[in-house]
Amino acid sequence: MGKVWVVAEQREGKLKKVTFEMVTLARQIGGEVEGVVIGKDVKGLASELGEYGVGKVYVADHPDLEQYTTAKYTRVLAELINKEKPEVVLIANSAQGRDFAPRTAQRVGAGQVSDITGYEEGVFVRPIYAGKAYTKVGATSHPLIVTVRPNVFPAAEKAGGQAAIEEVAVSFMPEDLKAIVKEVVKQVSGRPELTEADIIVSGGRGMKGPENFKLLEDLADVLGAAVGASRAAVDAGWREHRYQVGQTGKTVSPSLYIAVGISGAIQHLAGMGSSKVIVAINKDPEANIFKVADYGIVGDLFEIVPLLTEEFKKLLKS
Amino acid sequence: MKLVVLLKQTFDTEAKIVLKDGKIDDSGVTLIINPYDEFAVEEALRIKEKLGQGEVVVVSAGSDRAQEALRQALAMGADRAVLVKTDGLQLDEMVVAEVLAKVLQQMEYDLILAGWRAIDDSSAQVGVRVAEILGLPQINLVTKLEVGEGKITGHREIEGGTEVVEVPLPALVTAQRGLNEPRYPSMKGIMQAKKKELKVINAVDLGVNATPKVEIKEIFLPKGKQAGKIFTDEPAVAVAKLVKALREEAKVI
């Protein structure tokens, strides 16, 4: 095995957790683990990666890279791959990663395995049909681009090393600068992203109305959790599309998924079935959700959720 | 305006996955237009209607059966359709993208639309790869689209928010849920669809020489779960037991 690259995901000068998760995966794959950091004023992040045992880090630091665009990132990464010839390139399967990964793969003539959740002796494991089945995919040529689902691999621990830093010359072609980012609207929320959250509290048709999601938000606040919704709740207009968990929504894999008033349509189970621990709260004992739940309470969610919030509050304060 | 929509036929979201001889068995499965592609078809139709002129062409790479999905898009209002039959070809996302790009190179287009991913393999690669082959700028995961003079502006979903991106035309856009509500074909639309052009091309005749860069070694089904613990006590007791179990047994809190 030659070089295995971890393309760091950073936001506002901080490395995201998935970057360290990819370091773990890179070590499992074997070979020389190297990092790539792209952005503006990101040299500090490169040395930080070194502390996690990454031997060498390529840094593309350029004022034009402050704002992400597909074309700019593709230019930088594709040229670097062509020059340095890594065997495997790991990129986060985030909104950003999955935007430039296939473009880069195509430019360098590489195959891509998207949204992987496992690795076994040379093959990557990934869900298809939103987790109703899995495939093991291997490369027939290199380089291979792999996008890695956040929250699946354990984050690497600090190993206390120092990386050799190599600065990469950055230059753009006129077509790279055609896309203009006019505005970035941030969602004002203290809660984690659904796809990154360690705990998710999700509501379905049983919530009966948008106002009742307050109950879930209170519970989520105590747990530091994200709030999701089933397709039924989204279709009813109670929550925005971006919060939908399921086959036509987000696929999530938190440590704990609390499904409240969700019957468990196959569509929904496909999106959250890979959660490590599933808790169901539903008044219908026959609900499908209980078939996949590790723990369940049959009863009225309007009574149970506030009690649950209080119980967690007590536990987490003590 | 010339609008092209890339469309894939997929399993219905309710479909149960069954393996037969190590492959996914599609017998008896209801097939639909990939839901994200349906948003793309709807958006193309809306753009054409808004501008009062233009053409919407739907293009699919797949088997003969994909004609059903193309007919449905025609019934929704698309003007004509092209099916590229990929039977007998060794496929991965790159090969499919090369095949589609080859067909698109023979067509006129101002805007190409596609779903951001297909709900079956969920690779989220083909649309973007096509954009790269054709040298087009892209806007991925669009939830709102505005067509201007020689340019488009897309609101795209990013982690923790939305980004508004403007690119010159021609361009490729991938659709995300929230973009619109796809229409149902009307009876009149279904009747008209029968008369519309549906051209069938064999991919092998296109002279694409890309070969797959990845291969599926194995397909397997996830292990069935064991029945969980259901607490049936009165609410306060059940809640206390649940929280205790999450902390001491499952160790997730």
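Here is the naming used below: chain letters follow the sequence lines, and residue numbers restart at 1 for every chain.
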Need one label for [X]: side chain, backbone, both or neither, based on atoms under 4.5 Å from any heavy atom in chain A.
X       : result
E218(B) : both
I139(B) : neither
P212(B) : backbone
L179(B) : neither
S122(B) : both
A131(B) : both
E234(B) : neither
L246(B) : side chain
A245(B) : both

State whether the number of non-hydrogen atoms from other residues, nucleotides or ligands found under 6.0 Å of [X] atom [atom1] is greater than 12.
X       : atom1 : value
K16(A)  : NZ    : yes
K283(A) : NZ    : no
L169(B) : CG    : yes

To the nearest 0.5 angstrom, please state how far the [atom1] atom of [X] sits from the [atom2] atom of [Y].
X       : Y       : atom1 : atom2 : result
D121(B) : Y129(A) : CG    : OH    : 7.5 Å
Q90(B)  : T140(A) : CD    : OG1   : 10.0 Å
I119(B) : I128(A) : CD1   : CD1   : 12.0 Å
M94(B)  : Q112(A) : CE    : CD    : 10.0 Å
L242(B) : I297(A) : CG    : CD1   : 4.5 Å
K276(A) : K251(B) : NZ    : NZ    : 16.0 Å

Most chain B-contacting option - heavy-atom pairs closer than 4.5 Å, from [options]:
options                           : answer
V279(A), D99(A), L144(A), I266(A) : D99(A)
A130(A), S255(A), A110(A), A71(A) : A110(A)
G249(A), A280(A), G273(A)         : G249(A)
S114(A), G299(A), A270(A)         : S114(A)
E196(A), K186(A), E175(A)         : K186(A)
K291(A), Q96(A), R126(A), Q267(A) : R126(A)

Point to revise | Heavy-atom pair with the smallest gap, counting every atom of G131(A) and P222(B) | key: O-CG, 3.5 Å
Review point. If every non-hydrogen atom of K217(B) is compared with every non-hydrogen atom of V123(A), which pair is closest and at what distance?
Key: CG-CG1, 3.9 Å
Check your understanding: Under the 3.5 angstrom rule, does the side chain of E159(B) hit a backbone N or O of A95(A) as a donor-acceptor pair?
Key -> yes
Region of [X] in contact with chain B, defined by heavy-atom distances below 4.5 Å:
X       : result
A139(A) : both
Q67(A)  : side chain
S141(A) : both
Q244(A) : side chain
I281(A) : neither
V298(A) : both
L223(A) : side chain
A179(A) : both
E193(A) : side chain
R191(A) : neither
V181(A) : both

Heavy-atom pairs under 4.5 Å with chain A are the metric here; pick the option from [options] that has the most.
options                            : answer
P35(B), A236(B), A240(B), A97(B)   : A240(B)
L136(B), T153(B), D92(B)           : L136(B)
A227(B), A250(B), A238(B), G160(B) : G160(B)
V167(B), L221(B), T13(B)           : T13(B)
I253(B), T232(B), V130(B), T211(B) : I253(B)

Evaluate the side-chain proximity of [Y] to [X]: yes if any heavy-atom separation is below 4.5 Å, no if none is.
X       : Y       : value
K136(A) : F220(B) : yes
V128(B) : F100(A) : no
K182(A) : H155(B) : no
D198(A) : V252(B) : no
R177(B) : R231(A) : yes
P137(B) : K178(A) : no
T70(A)  : N140(B) : no
R242(A) : T143(B) : no

Check your understanding: Under the criterion side chain to side chain donor-acceptor pair (under 3.5 Å), which of Q125(B), R129(B), E132(B) is the partner of Q106(A)?
Key ->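 Running side chain to side chain donor-acceptor pair (under 3.5 Å) over Q125(B), R129(B), E132(B) with Q106(A) returns exactly one hit, R129(B).
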Exercise for review: Please lay out, stage by stage, how R98(A) and L141(B) fare under the test side chain to side chain contact (heavy atoms under 4.5 Å, CB included).
Suggested key: CA-CA 10 Å; R98(A) 64 186 174 227; L141(B) 286 143; 4.0 Å; yes
Check your understanding: With the threshold set at 4.0 Å, does a side-chain nitrogen-carboxylate oxygen contact exist between K250(A) and E157(B)?
Key ->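 Salt bridge present between K250(A) and E157(B).
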**Study point:** Donor on one side chain, acceptor on other, E163(B) and Y68(A), under 3.5 Å
**Key:**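 Not at all, the side chains of E163(B) and Y68(A) share no donor-acceptor pair under 3.5 Å.
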